[in-house]
Amino acid sequence: MGSIKVKRIYEPAEKTDGIRILVDRLWPRGVKKETAQLDEWLKAIAPSDGLRKWFHQDADPGKWQEFKAKYILELKQNDAVVHLQDIISKNKVVTLLYAAHDQQQNHALVLLEFIDKL
């Protein structure tokens, strides 16, 4: 299995990023598709619209653990996980890109943890 990194899409692309995959359902504000330097946009692996809206509707820090649990349940039933695993297995380095402001509590970190445990 290749190495997996997580990074905000607003950070500059680097050669060490390897395959760059956007894992957000919505296109990030202020980023032009022509300059994003993406290899793939895997929106199907992002949290569902309902879960995303629920998590972001207020600033309750207590929601994080519940969000993680709900997102992991979604991932367990998501066919896009197999596609991501395939990409990871065929590449030395894969970088999962996300747009969230919070670098400590975001769905890309949950996805990384989930993939690491498979």
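- Arg8 places no side-chain N or O within donor-acceptor distance of the main-chain N or O of Tyr98, the cut-off being under 3.5 Å.
- Within the 4.5 Å cutoff, the side chain of Val110 has heavy atoms near those of the Trp64 side chain.
- Legend: residues meeting ring pair (Phe, Tyr, Trp, His ring centres under 6.0 Å) with Trp54, ordered by chain and number and at least two apart, are absent.
- For Asp86, the side chain to side chain contact (heavy atoms under 4.5 Å, CB included) partners at least two apart in sequence or on another chain are Ser89, Lys90.
- Looking at heavy atoms from C-beta onward, Val93 lies out of side-chain contact with Thr16 at the 4.5 angstrom threshold.
- Proximity of Ile115 to Val81: side-chain heavy atoms (C-beta onward) are separated by under 4.5 Å at one or more points.
- Judged as a salt bridge (Lys or Arg N to Asp or Glu O under 4.0 Å), the pairs with a partner in residues 99-114 (not counting sequence neighbours) are, in order, Lys68-Glu113, Glu113-Lys117.
- A single hydrophobic cluster is not seen to contain both Leu38 and Val94; linkage of ILVMFWY side chains at heavy-atom distances under 4.5 Å, directly or through other members, places them apart.
- Side-chain contact between Phe55 and Glu66 is absent, with no heavy-atom pair separated by less than 4.5 Å.
- The CD atom of Gln103 sits 6.0 Å away from the CD atom of Glu11 when rounded to the nearest 0.5 Å.
- Taken together through direct or relayed side-chain contacts under 4.5 Å among Ile, Leu, Val, Met, Phe, Trp and Tyr, Ile4 and Ile9 form parts of separate hydrophobic clusters.
- Enclosure of atom CD in Gln104 is not indicated, since only 12 or fewer non-hydrogen atoms of other residues, nucleotides or ligands lie within 6.0 angstrom.
- Interatomic distance, Arg25 CZ to Leu42 CG, rounded to the nearest 0.5 Å: 10.0 Å.
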Check residues 46-53 and write down every donor-acceptor pair under 3.5 Å in which the side-chain atom is one partner and the other belongs to a residue at least two apart or another chain.
| residue | atom | partner | partner atom | Å |
| --- | --- | --- | --- | --- |
| Ser48 | OG | Leu51 | N | 3.2 |
| Ser48 | OG | Glu74 | OE2 | 2.6 |
| Asp49 | OD1 | Arg52 | NH2 | 3.3 |

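- Taking hydrophobic clusters as Ile, Leu, Val, Met, Phe, Trp and Tyr residues chained together by side-chain heavy-atom distances below 4.5 Å, Leu26 does not share a cluster with Phe67.
- Following chains of ILVMFWY side-chain contacts shorter than 4.5 Å, one cannot reach Phe114 starting from Leu73, and the two form parts of different hydrophobic clusters.
- Using a 4.5 Å heavy-atom cutoff, the side chains of Pro28 and Leu97 are not in contact.
- Between Gln85 atom CD and Ile87 atom CD1 the span is 10.5 Å, to the nearest 0.5 Å.
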Below 3.5 Å, can you tabulate the donor-acceptor pairs from side chains in residues 29-37 to any protein atom, sequence neighbours excluded?
| residue | atom | partner | partner atom | Å |
| --- | --- | --- | --- | --- |
| Thr35 | OG1 | Lys32 | O | 3.2 |

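- Put simply, CD1 on Ile45 and CG on Leu22 are 11.5 Å apart, with the number rounded to the nearest 0.5 Å.
- The side-chain heavy atoms of Leu84 and Leu111, taken from C-beta on, include a pair separated by under 4.5 Å.
- Remark: Glu40 pairs with His83 by the side chain to side chain donor-acceptor pair (under 3.5 Å) rule, at least two apart or across chains.
- Applying the ring-ring contact (aromatic ring centres under 6.0 Å, His included) definition to pairs two or more places apart or across chains, those involving residues 7-37 are Trp27-Trp41.
- Separation of atoms OG (Ser3) and CG (Asn91) is listed at 11.0 Å; rounding is to 0.5 Å.
- For residues 12-24, every residue pair satisfying the salt bridge (Lys or Arg N to Asp or Glu O under 4.0 Å) rule, not counting sequence neighbours, is listed here: Lys5-Asp17, Lys7-Glu14, Lys7-Asp17, Asp17-Arg20.
- By the salt bridge (charged side-chain N to carboxylate O under 4.0 Å, His left out) test, Lys63 pairs with Asp58, sequence neighbours left out.
- With sequence neighbours left out, Leu109 forms a side chain to side chain contact (heavy atoms under 4.5 Å, CB included) with Val6, Asn106.
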